[in-house]
Amino acid sequence: MIAKVIVDVAVKQTDRMFDYQIPVKWEGIVEPGMRVIVPFGPRKVQGFVMDVVQESSVKKLKPLVDVLDIAPVLTAELLKLGFWLKDETLCFAISAFQAMLPAAMKARYKKEITLAHQQTLDRLPEEVQKRFQYQERIPWEELEQTDSKLLRQFQQQIKAGALDVIYRVEEKGTKKTKRVIFPNVSNKELSSYIETLDNRALKQRQILSLFLESNQPIIVQDLLEMADTTRSTVKTLVNKGLLKEENVEIYRDPYENKTFAKTEPLSLTTKQETAISPILAAVEENRYETVLLHGVTGSGKTEIYLQSIQKVLNKGKEAIVLVPEISLTPQMVSRFKGRFGSQVAVLHSGLSKGEKYDEWRKIHRKQVKVVVGARSAIFAPFEKLGILIIDEEHESSYKQEENPRYHARDVAIYRGKYHNCPVVLGSATPTLESYARAQKNIYRLIELQSRINDQAMPEVNVIDMREELRSGNRSMFSNSLFEKLSDRLQKKQQSVLFLNRRGYSTFVICRDCGHVVECPHCDISLTYHKNNHQLKCHYCGYQEPMPRVCPSCESEYIRFFGTGTQKVEEELAKVLPEARVIRMDVDTTSRKGSHERLLSQFGEKKADILLGTQMIAKGLDFPDVTLVGVLASDAMLNLPDFRASERTFQLLTQVSGRAGRHELKGEVIIQSYNPEHYSIELASAHNYKDFYKREMHTRKQHGYPPYYFLTLINVSHPDLMKAVSVTEKITSYLKHKLKDHSIVLGPVASAIPRIKDRYRYQCMVKYRNEPNLTGYLREILQHFEKETSQGKLLLSIDRNPHMMM
DNA sequence: AGCACGCCGACT
DNA sequence: GTCGGCGTGCTC
């Protein structure tokens with residue numbers, strides 16, 4: 001039997017199947033979707049079995065050397081999906097498969113040197129002998145670090161056959177095990193043995209009767225505790241052959257110390273009833289359908305998800321729920337765990353590699369029926385999917401920004417069609433793409449226009465910051481915001497202050513000559529970090545101390561500019577010294593669990609003001625928050641991205657949704673330098689529909705999605721001229737090949753023209769119908785293959801880009 | 001990606 | 001004359 005294998009070498013030349021002989025002992029065991037270890041050239045690599053066949057056109061096949069899985073880790077569906085992803089995103093097959101599995105399952109490769117078989121040490125050079133004194137195997141990296149003379153000696157011995165090179169493949173993830181004890185004989189024998197026990201053997205008797213009662217394996221620690229005894233007693237019984245010890249694999253449960261209050265389905269409002277019925281119908285009829293659930297913040301979308309999932313579970317099927325990375329807060333997790341208990345696995349970036357691996361294996365072993373997770377959870381290896389839900393459908397985190405550059409929404413729809421089940425996209429601010437599809441009846445549109453209990457939407461005031469400036473207020477808080485903050489402080493209500501850092505970073509500028517300190521390797525200004533008084537580049541990590549005088553004109557008036565959360569915090573302390581502030585940003589939430597901890601502190605009312613970046617925009621639901629302030633609402637508007645308006649609208653709507661979700665009425669203050677901009681005006685009026693119409697109009701005018709498809713080709717090279725000329729070649733090739741009404745733009749420098757000493761150029765294609773474009777793009781990759789594989793030239797193609805930079 | 005093979009320049 | 005540079009091509 002022959003296995004067709006995709007090997008773990010992500011380059012063009014090996015992006016195909018290689019045939020291997022399946023040794024007789026594994027015939028019938030090796031199946032498509034399993035991981036194997038195969039010899040590849042002189043070394044060994046991991047691979048995925050794609051198919052098992054009878055014949056091969058290759059003459060001398062090597063046998064595969066190991067099988068890593070008992071059951072396939074990729075289902076037949078996922079194998080097919082992998083090739084679809086490869087076609088769709090122009091990535092290598094191996095990259096597609098690796099994206100579907102937890103990182104812990106990726107192979108690690110080790111090269112080591114050992115003494116050849118039957119070789120004695122004394123024949124080797126002294127230096128070499130020394131190295132083998134304390135270890136049988138010497139890691140290759142260790143040798144590479146030593147002097148070249150020794151390295152050469154080793155190489156000679158390898159050539160002479162006295163030393164062997166061995167290639168090992170290891171799994172990154174480790175399985176955690178625990179020792180359990182269980183009876184080695186029948187219950188009958190056990191009880192009869194108890195009779196014969198000496199009267200002094202109290203503990204032994206106790207232990208054995210515990211097993212008679214429970215009839216199942218007991219973890220050693222638990223057993224010791226239950227019988228209040230020590231290892232030696234247990235050992236005695238094991239030695240007598242009555243009990244047996246064994247290691248069993250256990251799962252790390254990231255939520256093991258938390259209890260989730262069991263929740264019962266809430267009774268739905270009439271509006272929710274109407275909204276859920278088409279979803280339930282699709283579940284019932286095993287019918288694929290994509291439903292766009294457009295519900296304002298606080299309209300009760302989650303309860304709709306929960307009850308739809310309940311229906312799916314009742315049918316014996318499984319569910320995947322995607323939530324944006326950032327909102328995988330305990331609040332969201334506990335709603336799912338509370339309703340479905342141990343049937344839920346959670347997959348998000350807050351977990352360690354090992355924890356993710358364990359959660360994934362729960363899915364693989366069908367021990368759970370519901371997965372709640374970030375983007376990659378869309379690949380959960382379920383085989384009886386009954387529903388796929390993407391909450392906050394518009395979130396940019398659903399698009400992967402590295403190969404394979406997929407969008408979770410597309411994968412969800414692929415899987416929904418495969419499993420004949422509904423896909424639900426939920427959002428208060430759907431992407432224009434999705435809403436347009438709903439308008440064209442490609443998706444079914446379900447709208448929830450009002451909040452639960454008809455709670456009013458918060459009142460939104462837009463403050464013109466130019467006016468403030470004119471009237472002499474140069475602080476970052478408008479008078480109105482300041483007054484409201486003090487008011488809440490007095491009433492002992494809470495406020496949330498939102499600072500959008502993207503676009504407004506704390507760059508350093510000289511007030512005399514206007515010189516801005518930039519990164520020497522990237523064309524971007526450095527950001528000031530207060531804690532260590534350093535200037536840092538966000539793209540390459542370069543750091544330098546904050547200069548005391550301007551590097552250009554030596555003026556002393558060099559200051560940092562812009563508003564970081566740290567700066568806001570300081571200002572707050574000046575104007576509202578009595579306010580207790582919790583600051584949430586990358587700096588304060590980098591440690592594991594700190595995100596969660598800060599939020600719960602705020603929830604316990606240990607602070608009056610929550611100040612933060614993007615990460616506090618979504619999903620938070622605190623009853624005493626009655627004021628939300630957005631400090632710089634238009635920071636994003638000026639980014640070089642055709643979605644800037646859409647992002648601003650989404651963000652403002654999301655942020656406003658944080659206020660007044662319960663009995664207390666909410667109020668929102670939006671500070672802006674562009675108050676008349678339609679994103680800001682319409683967001684403050686809670687008017688999605690008009691925003692949609694308005695924005696669709698601009699998209700049509702400028703030839704952007706949803707009217708046009710987009711493909712972005714990024715070229716980067718250390719040599720500026722080379723970067724330009726390659727982009728130029730690509731651009732003219734595409735112009736030549738594509739239809740006249742398709743638009744090929746370029747070569748243009750990227751928004752950040754240089755990162756890590758590489759010049760960056762791009763070519764953008766706008767088109768409506770180009771069935772052969774994928775082929776042309778493949779041609780381009782092929783044409784530059786040699787140059788890209790040498791590492792100097794970097795080409796990346798993004799079909800449906802979300803980041804234009 | 002690794003690794004071997006092979007062809008040119010500067011060294012014991 | 002050999003060592004070692006890295007361009008080229010292959011991996012079932």
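Throughout, a chain's letter reflects where its sequence line sits, starting with A, and its residues are numbered from 1. Just so it is clear, the structure is predicted and the values come from calculations on it, not from any experiment.
- Taking atom CZ of R43(A) as the reference point, atom P of dG2(B) lies 5 Å away to the nearest angstrom.
- Among the protein residues, F92(A) comes within range of no part of the nucleic acid, since none of its heavy atoms lies under 4.0 Å from any strand.
- Using bins of under 30°, 30° to 60° and over 60° for the plane-to-plane angle, the ring pair W84(A)/Y414(A) lands in the tilted bin.
- Checked by atom type, the side-chain pair T774(A)/R799(A) shows a donor-acceptor distance below 3.5 Å.
- Side-chain nitrogen and oxygen atoms of K44(A) include none within less than 4.0 Å of the OP1 or OP2 phosphate oxygen of dG2(B).
- Within a 6.0 Å sphere centred on NZ of K792(A), other residues, nucleotides and ligands contribute 12 heavy atoms or fewer.
- Neither side chain, Q153(A) nor E126(A), offers a donor N or O lying under 3.5 Å from an acceptor on the other.
- Going from atom NZ of K62(A) over to atom C1' of dC10(C) covers 11 Å, rounded to whole Å.
- If you measure from atom NZ of K159(A) to atom P of dC3(B), you get 15 Å, rounded to the nearest angstrom.
- A cation-pi arrangement is not found for R778(A) relative to Y776(A), the charged atom failing to lie both closer than 6.0 Å to the ring centre and inside a 45° cone about the ring normal.
- Rounding to whole angstrom units, CG of residue D8(A) and P of dT11(C) are separated by 18 Å.
- One interatomic measurement links the two molecules: NZ of K110(A) to C1' of dG2(B), which rounds to 18 Å at whole-angstrom precision.
- Ring planes of H407(A) and H802(A): tilted class, angle from 30 to 60°.
- Counting non-hydrogen atoms under 4.0 angstrom, K111(A) reaches the backbone sugars and phosphates but no base.
- A straight line from CD1 of I166(A) to P of dC3(B) spans 14 Å, rounded to a whole angstrom.
- Straight-line distance from the CG atom of L61(A) to the P atom of dT11(C): 12 Å, rounded to whole Å.
- Ring-plane geometry between F48(A) and F97(A) is classed as tilted, the angle between the planes lying from 30 to 60 degrees on a 0 to 90 degree scale.
- Only Q13(A), T14(A), R16(A), F18(A), D19(A), Y20(A), listed by number, bring a heavy atom of residues 9-22 of chain A to less than 4.0 angstrom from any atom of DNA chain C.
- Protein atom CD of Q98(A) is 14 Å distant from nucleotide atom P of dA1(B), rounded to whole Å.
- Here Y167(A) reaches the OP1 or OP2 of dC3(B): one of its side-chain N or O atoms lies under 4.0 Å away.
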